Amino acid sequence: MNYAAKKRLDLNDRAGIHLNKNFNSLVVEMGGFENVPFDERDCRNFINKARELRLGKGGGQALCDYFVRMRELNDRFYYMIDMDDDSRLRNVFWADARSRALYEYFGDVITFDTTYLTNRYDMPFAPFVGVNHHGQSILFGAGLLSNEDIDTFVWLFEAWLKCMNYKAPSAIITDQDRAMKNAIEIVFPKTRHRYCLWHIMRKVPEKLSGYEHYDQIKMALNICVYDSPNVDDFEGNWKSLIESYELQNNPWLNTLYSERTFWVLAYMKDTFWAGMTTTQRKNGEREARADFDCYNRTSPCVTDFALEKQFQDAYTNAKFKEVQAEFKPRSNVNNCLLKSEGAISTYQVIETDGNRMMNKTFSVFFNTNELEVKCTCALFEVRGIICRHSISVLLTSGVTMLPPRYILDRWRKDINRKHVLIKSSGDVLVNNSNAQRYDEFCKHCEELALLTSKNVKYFMEAMKSVDMLTEKYRALTLVEPNQCDEVIPICDEVLLTNEGTTVQSEKVLTPVKATKKGRPRFLRMVPVIEKVTKKSQGKKSQRRNKQQGKNTVNKQRKKKKVHNLSQDDLNTSQTSLPHTTQGSINVAATMVDPMSELPKLISQHKYEEAFVTAFRRCDVSIVYWLCSQVDLQHILSIYPLPLSQVVLLHLLRHLTYGININMPHTFGWMISVANAIIPTDPMIATQVQPIFNEVYAVLNHRQYLPTITGDELSSIRSLIHVIMSKSM
């Protein structure tokens, strides 16, 4: 196995790509199995060895060695290590130079979450995350923790604060953790603390599904959270919720109410949150590409107003689209002047919600001398985006240019920020000069490819030269032995804790297994929703057995063929979904004629088999055609359901990725399917959350598109609420 193959395998494995796909990518790249001089077993052995070298025996020492190398490469790399009396690693914090530079510009609001993942020692990974001027997630440092108590969080927060030159954030979002809350009060006493709304709302089914009027309770709770524009409205709506459904003795709701200033939206309007309400952020950052697009692909204005053009010239594309969304619904926003006192004019603005047939009323105060505008919706104060109500008043008042205070530097695209010149730290293996020469040569080859790819003549000449050089050095390696590089030994002694301070110490020992929060896995507390679901499923199966009688066995055999939608089918279909074409059905390519095979199954009421057949064709348009031929809402109202949970979950994902095919019905179908999904069903338990995350990501992206309509936006938000309430 040559070096290039080893490097590719190692990089793919670090990225989380499974072994079989990792190996197959090499097979494709090398032109087939016959050109690969090793097999999948060799790859497995190499990857296992590579993993051991990353953090195996002596993992604590390996981590310290890594930090030392990073600091040698850039003295702005910061790390702190907390050890016990036996020199055993306990807690770790680190941040590279780029993260520290990013914090200077975007450190006003951060999220902190320990629920992402743990390492092999069960140490929770604790990243500090923010958003940049494109709304993308950015990393401000991270830690590995041995515990999740107050002392541990205080140690981590103090380490991070020192790293950031003792500049505390204005606001922080965390999950609802008591130890974390107390630690924040100690280390960040002036920072506004907020609980992650997603973590709270996802507990609704578990905490409230046992009540008789669960659907009505959930709707009333959503009104309290999302449709209470001010504190008084929230207090009134909450009182109505508690009294109407006799929830005075629900301990979860009582706790939420006692801590309402930490999570209710109406209490958050005095603080800037940069558009964040949750710790669940999109993975990855593509800032360089987004910066390039901002300077080369400007989104067109949707109106002729100079105000919109002002934002187009200043803001990044992502943030300009958010501003555009406020310029569009002008026909649904009407204002009238209530009174004028000197330079201050007070307007009443009425926004009509066509979907829910209701009006929302806001007050806008406009200072004509200072061109200062303030709306009771507080969108600008919370997200830094001027609201449609203020825009309506400004246009009515003939304002054509906003003062600079409404164009936030945080969202501007024309500011030169120094972090773009700093690379994220990565271990370049200073003791492996082969790797350094390999990477250096690849950089030169990339430049050569760029220069020659635009001209056929140059390309052919370059390829000929490369082939000649390859043959030359292939022959030389046969007659001359490889030169051994001098290996730079890594010192057994470790540099510890403080930035700029070196302390000689004994070898750092591998951490012990961290203590997990909550009950052990084998004594897991079963949520109420799971108990109710299992009880309901047991009753359903008893009724089915009585109805089926002697034909039960034969029907189960038939169902086995239909239900054979395995994990591999899910993975295969998921992989191919983004590549499916939208539009008419290619019958030849799908191997199933929807005008012959599927109608037969529909006429025989074999809905399960029909959908499974459509899924296996990996063509979203076939699934949409099938949905249009059956009354999906009627099918989902049948008891017992004629579609299994596996099919329902798979159907939701297909509808999501083909969301443009049948717009009038798509969201209605998706909401009905999502409502029918039971996340605790053992057939889908491991797949529910990943697929729900996919659906949420697509919907969240779509709601900010400039072409979004009011009806579609309302449907998207309703669907997001369903997905969040189903997430466990």
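These numbers were taken from a predicted model, which means no experiment stands behind them. Residue numbers start at 1 and run along the sequence shown.
- T152 and D149 share a donor-acceptor pair across their side chains, judged by distance under 3.5 Å alone.
- Using a 4.5 Å heavy-atom cutoff, the side chains of L402 and L307 are in contact.
- With 3.5 Å as the limit, one finds a donor-acceptor pair spanning the side chains of E351 and H389.
- Classification of the Y226-H721 ring pair by plane angle, with boundaries at 30° and 60°, yields parallel.
- A heavy-atom distance below 4.5 Å is not found between the side chains of F140 and T111.
- Between R178 and E148 there is no salt bridge, since none of the side-chain N atoms of the basic residue sits less than 4.0 Å from a carboxylate O of the acidic one.
- Residues satisfying the ring pair (Phe, Tyr, Trp, His ring centres under 6.0 Å) criterion with Y347, sequence neighbours excluded, are absent altogether.
- Using a 4.5 Å heavy-atom cutoff, the side chains of D175 and M180 are in contact.
- The list of salt bridge (charged side-chain N to carboxylate O under 4.0 Å, His left out) pairs with a residue in residues 397-413, not counting sequence neighbours, reads D108-R410, R412-D414.
- Residues F380 and Y406 place their aromatic rings such that the two centres sit under 6.0 Å apart.
- Cation-pi geometry between R260 and W238 is not satisfied (NZ or CZ under 6.0 Å from the ring centre, within 45° of the ring normal).
- When the salt bridge (charged side-chain N to carboxylate O under 4.0 Å, His left out) test is applied to K181, the partners found at least two apart in sequence or on another chain are E185.
- The six-membered or imidazole ring of Y78 lies away from that of W94, with a centre-to-centre distance of 6.0 Å or more.
- In terms of modelled atom types and a separation under 3.5 Å, the side chain of T316 and the main chain of H133 share a donor-acceptor contact.
- Under the salt bridge (charged side-chain N to carboxylate O under 4.0 Å, His left out) criterion, K309 pairs with D313, sequence neighbours left out.
- Under the 4.0 Å criterion applied to side-chain N and carboxylate O atoms, E206 and K203 are not assigned as salt-bridge partners.
- Between K374 and E372 there is no salt bridge, since none of the side-chain N atoms of the basic residue sits less than 4.0 Å from a carboxylate O of the acidic one.
- Remark: H134 engages no residue in a ring pair (Phe, Tyr, Trp, His ring centres under 6.0 Å) (not counting sequence neighbours).
- A salt bridge is absent between E104 and R417; no separation between the charged side-chain nitrogens and carboxylate oxygens falls under 4.0 Å.
- By the 30° and 60° cut-offs, the orientation of the rings of Y195 relative to F262 is parallel.
- Taking the six-membered ring for Trp and the full ring otherwise, F320 and F311 have centroids separated by 6.0 Å or more.
- Distance alone, capped at 3.5 Å, places no donor-acceptor pair between the D293 side chain and the R297 backbone.
- Salt bridge status for D227 with K360: present, with a side-chain N to carboxylate O gap under 4.0 Å.
- When the shell of 6.0 Å around CG of D304 is examined, it contains 12 or fewer heavy atoms from other residues, nucleotides or ligands.
- A donor-acceptor contact shorter than 3.5 Å is absent between the side chain of K218 and the backbone of L208.
- We find the CG-CD distance between N317 and E322 to be 12.0 Å, quoted to the nearest 0.5 Å.
- Annotation: ring pair (Phe, Tyr, Trp, His ring centres under 6.0 Å) contacts of F272 (sequence neighbours excluded): none.
- Geometric assessment of R100 against the ring of Y103 yields a negative cation-pi assignment under the 6.0 Å and 45° thresholds.
- Judged by distance alone, with hydrogens and angles left aside, the side-chain atoms of S228 form a donor-acceptor pair with the main-chain N or O of I223 at under 3.5 Å.
- Annotation: the span from I391 atom CD1 to L379 atom CG amounts to 9.0 Å, rounded to 0.5 Å.
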